Peer 1: 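Below is a structure I'd like to ask you about.
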Amino acid sequence: MDWLIGAAGAIIVAGAAYRKRSLSESGAAAAILMGTIYYGAGNVFWFGTLLLFFITSTLLSRYGKKRKADLEKSYAKTGRRDAGQVFANGGIGMVLCLLNAWAPSELWVLLFIGVMATVTADTWATELGSLSRRPPRSVLNGKVLTAGESGGVSWAGSIAAAAGSVLIGAGGWLLAEWSGMSAELLSYVLAALAGGVVGAFADSYLGAAVQVMYRCPACGKTVEVAQHCGQETERMRGYSWMSNDAVNLLSSLLGGAAAYGTAVLVAL
């Protein structure tokens with residue numbers, strides 16, 4: 001029955017997101033599969049935390065959409081998520097959910113909190129930081145960057161990342177309580193804050209140091225895409241296999257580890 005409930009809920013949410021053009025066809029299919037597993041193998045805690053990330057991130061992607069329209073041309077991923085982006089953001093959490101179903105442990109739960117805090121922090125930082133009137137600076141050397149350029153950090157983005165992390169921690173705790181799980185508010189919030197901040201800055205560092213980036217010969221901008229201004233872009237730096245999705249996956253793992261370590265320290 002839980003699997004049927006999960007499938008029904010996932011179809012409703014993914015269908016609505018597809019109609020609103022927040023998900024592509026492949027993204028909707030991936031979201032249905034993921035949502036079904038999150039509820040079927042997990043419970044309201046797992047499914048609800050995923051929804052908390054997805055709904056808030058979708059709403060923020062629409063905030064200031066006109067101002068972001070030009071920036072999205074430089075991103076490898078836009079506000080309409082495809083299957084790759086869906087799995088990059090929720091795939092690790094899905095694996096943790098399955099591991100918890102197989103061998104229940106607080107380890108999987110805390111790692112999950114960190115992973116979801118990371119993807120939320122990163123998305124909030126991008127969506128709100130890109131609207132900042134002050135240009136971002138490189139996390140490597142402090143050099144002023146173009147808004148939206150990988151590896152950039154700003155005060156607005158950093159504050160948004162922390163806020164998104166705290167929301168995941170508090171929301172995750174509430175959902176855990178609702179699901180009958182043993183949970184402590186302080187532990188969840190601090191774990192999420194640590195995981196989200198570490199993961200978000202790891203994402204910026206990897207984006208600046210190793211993510212593949214291109215230069216548009218027409219406008220001179222540094223972009224994530226192979227085509228810009230109707231022309232083929234030139235590879236500037238980074239490893240060809242280190243895409244935006246790969247950076248998201250690695251930073252999520254680091255965020256999960258930071259969350260678990262913080263929760264262990266709080267429990268001492």
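Index from 1, following the sequence. Please read all numbers here as calculations on a predicted model, not as lab measurements.
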Peer 1: Heavy atoms, side chains only, cut-off 4.5 Å: are Trp124 and Leu167 in contact?
Peer 2: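 A side-chain contact under 4.5 Å exists here.
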Peer 1: Using a 4.5 Å cut-off between side-chain heavy atoms of Ile, Leu, Val, Met, Phe, Trp and Tyr, which other residues end up in the same hydrophobic cluster as Leu4?
Peer 2: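 Via sub-4.5 Å side-chain contacts, Leu4 links to none.
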Peer 1: Under the side chain to side chain contact (heavy atoms under 4.5 Å, CB included) rule, collect the residues that match up with Leu249, sequence neighbours excluded.
Peer 2: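 Counting only residues at least two positions away or on another chain, Leu249 forms a side chain to side chain contact (heavy atoms under 4.5 Å, CB included) with Ile92.
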Peer 1: Under 3.5 Å, sequence neighbours excluded: what are the donor-acceptor pairs made by side chains of residues 195-204?
Peer 2:
from   : atom 1 : to     : atom 2 : distance (Å)
Ser204 : OG     : Ala200 : O      : 3.4

Peer 1: Examine distances only and state if a side-chain atom of Thr123 and a backbone atom of Thr120 form a donor-acceptor pair shorter than 3.5 Å.
Peer 2: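 Answer holds: no.
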Peer 1: Could you go through residues 95-113 and list every donor-acceptor pair under 3.5 Å that involves a side-chain atom there, pairing it with any protein atom two or more places apart or in another chain?
Peer 2:
from   : atom 1 : to     : atom 2 : distance (Å)
Asn100 : OD1    : Ser105 : N      : 3.1
Ser105 : OG     : Leu107 : N      : 3.1
Trp108 : NE1    : Ala103 : O      : 2.8

Peer 1: With Ala16, which residues qualify under side chain to side chain contact (heavy atoms under 4.5 Å, CB included), at least two apart?
Peer 2: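 Side chain to side chain contact (heavy atoms under 4.5 Å, CB included) list for Ala16, sorted by chain: Arg19.
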Peer 1: Using the rule that Ile, Leu, Val, Met, Phe, Trp and Tyr join whenever any side-chain heavy atoms are under 4.5 Å apart, tell me whether Ile12 and Phe54 fall into a single cluster.
Peer 2: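 No, because Ile12 and Phe54 fall into different hydrophobic clusters, even though each may have its own neighbours under 4.5 Å.
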Peer 1: Can you list everything that forms a side chain to side chain contact (heavy atoms under 4.5 Å, CB included) with Ala257? Sequence neighbours excluded, please.
Peer 2: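 Scan of Ala257 (side chain to side chain contact (heavy atoms under 4.5 Å, CB included), adjacent residues dropped) gives none.
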Peer 1: Using side-chain hydrogen bond (donor to acceptor under 3.5 Å, both in side chains) as the criterion, list what pairs up with Asn89, not counting sequence neighbours.
Peer 2: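 Per chain and number, Asn89 pairs via side-chain hydrogen bond (donor to acceptor under 3.5 Å, both in side chains) with no residue.
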Peer 1: In residues 26-45, what donor-acceptor pairs under 3.5 Å come from side-chain atoms, sequence neighbours left out?
Peer 2:
from  : atom 1 : to    : atom 2 : distance (Å)
Ser26 : OG     : Ser24 : OG     : 3.2
Ser26 : OG     : Ala83 : N      : 3.1
Thr36 : OG1    : Ile32 : O      : 2.7
Tyr38 : OH     : Gly90 : O      : 2.8
Tyr38 : OH     : Met94 : N      : 3.1
Asn43 : OD1    : Phe45 : N      : 2.9

Peer 1: Taking only residues two or more places apart in sequence, or in another chain, which ones meet Glu184 in a side chain to side chain contact (heavy atoms under 4.5 Å, CB included)?
Peer 2: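 So Glu184 forms a side chain to side chain contact (heavy atoms under 4.5 Å, CB included) with Ser187.
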